[in-house]
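Here is the structure we will look at.
Numbered from 1 within each chain, the chains take letters A, B, ... in sequence-line order. Since the model is a prediction, treat every value here as computed from it, not as a measurement. Worth knowing before you read on, the calculation uses all heavy atoms, side chains too, and leaves out hydrogens, waters and symmetry mates.
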2 protein chains.
Amino acid sequence: MSLKKIAEMTGLSITTVSHAINGTRPVSAASKKKIAESIKAINFKPNLAARMMKTSRSKTVVLIIPATEPNNSTNCFFFDVLNGAKTALEKHGYSLIISTYPENVLNFDLSLIPILQRIWVDGILLVPPSNSMEDIKSIINSNLPIVLIDRKPKGCTLPVVYSDSKTISYKAVSLLLDSGRKRVAFLGVSSNNPTCCDRYAGYCEALYAHGIPVDKTIVRFYENNHASSLTEIINELIEHNIDSIFSANSMLALNVLKVISERNLKIPEDIAVIGFENLDWTQVTNPPLTAIVQDANAMGYRAAEILVDILAGNQPKESCVVLPAKLIKRKSHSNT
Amino acid sequence: MSLKKIAEMTGLSITTVSHAINGTRPVSAASKKKIAESIKAINFKPNLAARMMKTSRSKTVVLIIPATEPNNSTNCFFFDVLNGAKTALEKHGYSLIISTYPENVLNFDLSLIPILQRIWVDGILLVPPSNSMEDIKSIINSNLPIVLIDRKPKGCTLPVVYSDSKTISYKAVSLLLDSGRKRVAFLGVSSNNPTCCDRYAGYCEALYAHGIPVDKTIVRFYENNHASSLTEIINELIEHNIDSIFSANSMLALNVLKVISERNLKIPEDIAVIGFENLDWTQVTNPPLTAIVQDANAMGYRAAEILVDILAGNQPKESCVVLPAKLIKRKSHSNT
DNA sequence: TTGTAGGCGTTATCAC
DNA sequence: GTGATAACGCCTACAA
């Protein structure tokens, strides 16, 4: 099954068949018809390896995401990113390869990722591991087109698609303050995580706008290599006379709910909670969680579209897409 | 950057270099060393397109899974499957391409999946859409090696890796019956879903073993194209004088919890609930959900290993792997 | 509008 | 132990 076969069947040359298939040169209607028929007859599909060898394009893109343990709700978020990217890519005839790196290993060299060791993908969709461009330097050195997703490292000039975490965090914390809370704790994953930093920035600005100074004793980052366990951290926080917690991702929110209920405290009466969600479970917690939702699917989709555009040789129209996030008010933020 | 270049650098022939790299023929230690040095010097990587052209092997496998809407907990399950498969594949030098099909479209022709339209992948990991081999016939006709995951259609002779849903469902329902429940309702996704059928079979056997006949009025399948909404179905079920519900997946369990709490009924006093979980959220529901957990990661991993084995030309040692599932007892199944 | 021919970087066959 | 050389299937000058 090859161009040659089609050429034989139609009595035309390989060249003409090739041009007919790719539309790279005028071909007479009669020839076109014959070729189309033969293609159908033997269900011919061009050999991508051969094509790739000539064009050095694989029409394949890799999505590189952090992988946490199984059963972690962050995974759902990335699944939606993946699905969005896949949808956009398939539309343009690209395939999507998946690769992951360990979220919790410091200074993991991304260029060690197997697929990047091969001459293979045309471009990269990357969720960067940290705030630092240094950590993705080796991957940038591959000289493949890159679009970042979800996290924008400091000093980043690459195209990037992410949620407006700061604005929505500002809103969430304001909601707590406006309903009379005075001691709003902040709980984040890591001070080295761009998204987390944005959320912290929104928190600080909201406090500032309400004339309340940031009290570092009720701000905690659960650094991955932290000495204390997450449960301990939350317990500590609660013992600092707080009346509410803004927790900067869904996994943290989940643990906050757990610890609070273990201490037999009431939400929102004793402690109001606002978190993040990647999943519908937040509506069946006790009480249903007031939470921020991001459009993960759109994030993947938009990023993929930008990458495809770059691969097509165009100047990207937008090098930085900031998607809005939503605050869903349920019962955990206020008893009024 | 090619074998030719390495050949020039070392003064050896392309042939020898190729054999040295692939270990397909004895090469003198001295030559080996020279070659290794040159490879390192120019950071040479074999061109996969060229290699693929000769071998007609892409060292790439596709994972085909159903995709539901964003934010659906089923996605988490498949993310873990994906991650497990990826881990195993990378170990053997394979890359993983992702493709999805719409879960709710009947008779979706899987062979329409873009990646399968190209001459590209060496093998297929597939979560089949239904109970019927007919629905995956077109994909089987591709003549690529296939390993099924999670669901075993009727009359299936392909290698398949799935959880022992029946046994664990038997245990779960027995737990309800042993604690005195008499009217255990069953809620499943679809009678056309192999996993769901297994869970129903476990349910029936448990009832049988306890001398209770299956009452079809308290058995419901939420067929995807069902006229009534899921909420209606659950409400109907509750009105049939039941004292407990076994819901056959996490999405259903979530909705069961929601409806019960909307009706201001108490769990487990009024209605005991056992569900499935893909995620840690089940511990923060009210009350924490007694649930069945599967090892999705292992499922993907094992399936990928079998596929790699087949691709290596071996007879697979096991054509059917049934993984155990766990029942996690929390608070929703019994008040004693 | 069509055809000829060379080459992309491998692997495989055969010969030494 | 080692080397020439012919494919694999496609694209693309260059020619007609």
Side-chain angles (χ1 to χ4, degrees), chain A residues 1-39 41-60 93 117-122 311-313, chain B residues 1-39 41-60 93-95 117-122 311-313:
Chain A
M1 197 158 76
S2 63
L3 287 187
K4 197 173 162 190
K5 183 106 178 218
I6 304 285
E8 279 165 11
M9 290 172 73
T10 56
L12 292 161
S13 72
I14 295 180
T15 310
T16 303
V17 176
S18 170
H19 284 298
I21 288 174
N22 297 312
T24 40
R25 185 166 96 171
V27 174
S28 74
S31 301
K32 264 187 203 162
K33 196 178 159 218
K34 272 195 287 186
I35 292 170
E37 281 165 3
S38 302
I39 287 180
I42 63 167
N43 191 21
F44 168 78
K45 283 158 204 150
N47 180 314
L48 267 106
R51 186 176 270 180
M52 180 179 166
M53 214 164 118
K54 286 301 291 185
T55 60
S56 42
R57 288 302 202 84
S58 63
K59 285 288 220 169
T60 301
Q117 301 276 32
R118 322 213 227 152
I119 311 290
W120 195 244
V121 294
D122 295 345
L311 290 174
Chain B
M1 197 157 78
S2 61
L3 287 187
K4 196 171 162 191
K5 183 106 177 217
I6 305 286
E8 280 166 10
M9 291 171 74
T10 55
L12 292 161
S13 72
I14 295 179
T15 311
T16 302
V17 176
S18 172
H19 284 297
I21 288 174
N22 297 311
T24 39
R25 185 167 97 172
V27 173
S28 74
S31 300
K32 266 189 200 159
K33 196 178 159 215
K34 272 196 287 185
I35 291 170
E37 281 166 3
S38 301
I39 287 179
I42 63 167
N43 190 24
F44 168 78
K45 284 157 203 150
N47 181 315
L48 269 108
R51 182 175 275 180
M52 179 178 166
M53 209 162 121
K54 283 302 290 184
T55 60
S56 43
R57 286 302 201 86
S58 63
K59 284 289 222 170
T60 301
Y94 281 83
S95 301
Q117 301 278 31
R118 323 212 228 154
I119 311 290
W120 197 244
V121 294
D122 295 345
L311 290 174

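- Taking the side-chain contact (heavy atoms from CB on, under 4.5 Å) definition, one finds that B/K5 meets it with B/S2, B/M9, B/I42, sequence neighbours left out.
- Nucleotides of DNA chain C with any atom under 4.0 Å from a heavy atom of chain B span, from 5' to 3', C/dG9 to C/dC14.
- Side-chain contact between B/I21 and B/I6: absent, with no pair of heavy atoms (C-beta onward) separated by less than 4.5 Å.
- Between B/L311 and B/D122, the closest heavy-atom pair is CD2-O, 3.3 Å.
- Between B/K45 and A/W120 the shortest side-chain heavy-atom distance does not fall below 4.5 Å.
- Atom CE of B/M1 and atom CG of B/N47 lie 8.5 Å apart (nearest 0.5 Å).
- Across all non-hydrogen atoms, the minimal contact from A/L48 to A/S58 is CD2-O, 4.3 Å.
- Side-chain atoms of A/S56 do not come within 3.5 Å of backbone N or O of A/M53 as any donor-acceptor pair.
- OP1 and OP2 of D/dT2 both lie 4.0 Å or more from every side-chain N or O belonging to B/T16.
- Overall, the helix from C/dT1-D/dA16 to C/dC16-D/dG1 carries an axis bend of 30° between its ends, with five pairs at each end and the value rounded to 10°.
- Of all heavy-atom pairs spanning A/A7 and A/S13, the tightest one is CB-C, 3.8 Å.
- B/R25 meets the side-chain contact (heavy atoms from CB on, under 4.5 Å) test with B/T15, B/T16, B/H19; sequence neighbours excluded.
- Residues passing the side-chain hydrogen bond (donor to acceptor under 3.5 Å, both in side chains) test with B/T60, sequence neighbours excluded: none.
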Any chance you could list the contact pattern along nucleotides 9-16 of chain D? Use B for base contacts, S for sugar-phosphate-only contacts and - for none, protein heavy atoms under 4.0 Å, 5' to 3'. BBBBBB--
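- Taking A/S18 as the reference, A/L3, A/N22 meet the side-chain contact (heavy atoms from CB on, under 4.5 Å) condition, with sequence neighbours excluded.
- Contacts of B/S28 classified as side-chain contact (heavy atoms from CB on, under 4.5 Å), with partners at least two apart in sequence or in another chain: B/A30, B/S31.
- Near DNA chain C, meaning a heavy atom under 4.0 Å from it, residues 28-36 of chain A has A/S28, A/S31 in order of number.
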